[in-house]
Amino acid sequence: MTGKLIVFEGTEGCGKTTQLERSRQWLLQSRWLPTLQQKGLIKDLVLTREPGGTQLGIGIRQLLLSPTKEPIHDRAELLLYAADRAQHVERFLRPHLEENHLVLCDRYTDSTIAYQGYGRGLDLTLIDQLNQIATRDLLSDLTIWLDLDVETGLARMQQRGKRDRIEQADLDFHQRVRQGFAHLAQTEPQRFIQVDARGSELQVAERIESVLSHSLTQWFNLASYDVDS
Ligand code: Z5A
């Protein structure tokens, strides 16, 4: 596999979707992408997300995120995320990575560990096995965890009108999810990088750019003067 998979993770309202788009712009405008393309190292840049990165996934996303009269059972939820991921890996991620693409993905396997494992309390070994089945061991090359306190993130979503009110159960759940991400940052410090998501969009973007520059330089064995950033 010659492309690279870069994932953005975090609790609700942390700003990952905003920052994923900013990173795309930066990769184009800083000349990182053109340089990698000129050197024949990367074919192109593509953006995707989970759930919902394929046609099947769009349907699964609707099932998962639309309000329903019948609550989805935790294990059913876990299996739906796994089904979305299996399709996404085989139909989108692997083909693009095999063709040398740089893939920016909004959420991936670590979300399942944090949300279904730490948040819902499902068995972490089972989740690891399911992630392995769904991905055939395709890990991210880099995961950027935008770490923000839960209250600020949920307040941002409230401002955007996505939530009417925040209940204590929500806060507790999202705190556990954040602990899950923190655990991943401790156990896999090379792949799973914590980035402070407080401050302005620009400040956060600059922190991410520094992480991306470091990883790209290492992966492609480039000296900083190779890229006019
Ligand atoms: N989920 C799961 O449980 N298990 C899994 O395996 C997977 C997912 C893959 C959908 O994810 C749900 O799926 C999610 C986890 C679960 N459920 N929850 N919670 P999603 O990623 O599609 O949805 P989301 O987590 O709710 O993300 P979002 O709506 O896309 O928000 P975001 O990406 O974190 O943030 P944003 O859209 O970039 O920004 C939110 C708002 O804050 C927006 O108004 C921005 O303008 C504003 N913003 C952004 N940055 C800033 C700064 N720096 N300052 C001030 N305001 C800002």
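Keep in mind that the numbers below use all heavy atoms, side chains included, and drop hydrogens, waters and symmetry copies. Atoms within a ligand are numbered from 1 in the order they appear, just like the ligands themselves.
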Work out whether the distance between some heavy atom of [X] and some atom of ligand 1 is less than 4.0 Å.
| X | answer |
| --- | --- |
| Gly10 | no |
| Gln159 | no |
| His174 | yes |
| Arg85 | yes |

Proximity to ligand 1 by part of [X], non-hydrogen separation under 4.0 Å:
| X | value |
| --- | --- |
| Arg120 | neither |
| Asp84 | neither |
| Met157 | side chain |

From the candidates [options], the one that places a heavy atom nearest [atom]:
| atom | options | answer |
| --- | --- | --- |
| atom 53 (N) of ligand 1 | Ala205, Ala197, Gly199, Gly15 | Gly199 |
| atom 41 (C) of ligand 1 | Arg160, Arg61, Glu21 | Arg160 |
| atom 27 (O) of ligand 1 | Gln158, Gln116, Lys16 | Lys16 |
| atom 46 (O) of ligand 1 | Glu77, Glu12, Gln203, Glu201 | Glu201 |

* **Connected via hydrophobic side-chain network under 4.5 Å: Leu80 and Phe173** =>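 No, it is not one cluster - the side chains of Leu80 and Phe173 are not joined through contacts under 4.5 Å.
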* When hydrophobic residues are tied together by side-chain contacts of less than 4.5 Å, even through go-betweens, does Leu148 share a cluster with Val150? ->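 No, separate clusters.
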Given 3.5 Å as the limit, does a donor-acceptor pair link the side chain of [X] with the main chain of [Y], or not?
| X | Y | answer |
| --- | --- | --- |
| Arg178 | Thr11 | no |
| Arg107 | Gly10 | yes |
| Glu77 | Leu64 | no |
| Gln37 | Ile42 | no |

Does any N/O atom on [X] come nearer than 3.5 Å to any N/O atom on ligand 1?
| X | result |
| --- | --- |
| Glu50 | no |
| Thr18 | yes |
| Val204 | no |
| Cys14 | yes |
| Thr112 | yes |

* Show which atoms of ligand 1 fall inside a sub-4.0 Å distance from at least one heavy-atom site of Ser200. =>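 So the answer, numbered in order with elements, is 53 (N).
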* Short list, please: which atoms of ligand 1 are under 4.0 Å from a heavy atom of Leu65? ->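 Answer, ordered by atom number: 10 (C), 12 (C).
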* **Geometric class of the Phe181/Phe192 ring pair [parallel <30°, tilted 30-60°, perpendicular >60°]** =>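 Parallel, since the angle between the ring planes stays under 30°.
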* Just say parallel, tilted or perpendicular for the rings of His96 and His101, cut-offs at 30° and 60°. =>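 His96 vs His101 ring planes: perpendicular.
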* Ile113 CD1 to Leu184 CG distance, which is reported to the nearest 0.5 Å ->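 Answer for the CD1-CG pair, Ile113 versus Leu184, is 5.0 Å.
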* Could you give the distance from NZ (Lys4) to CG (Leu102), rounded to the nearest 0.5 Å? ->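 Here the rounded value is 9.5 Å.
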* To do: Please assess Trp145 against Asp110 for the test side chain to side chain contact (heavy atoms under 4.5 Å, CB included), listing each intermediate value before the final yes or no.
  => CA-CA 10 Å; Trp145 168 37; Asp110 300 302; over 6 Å; no
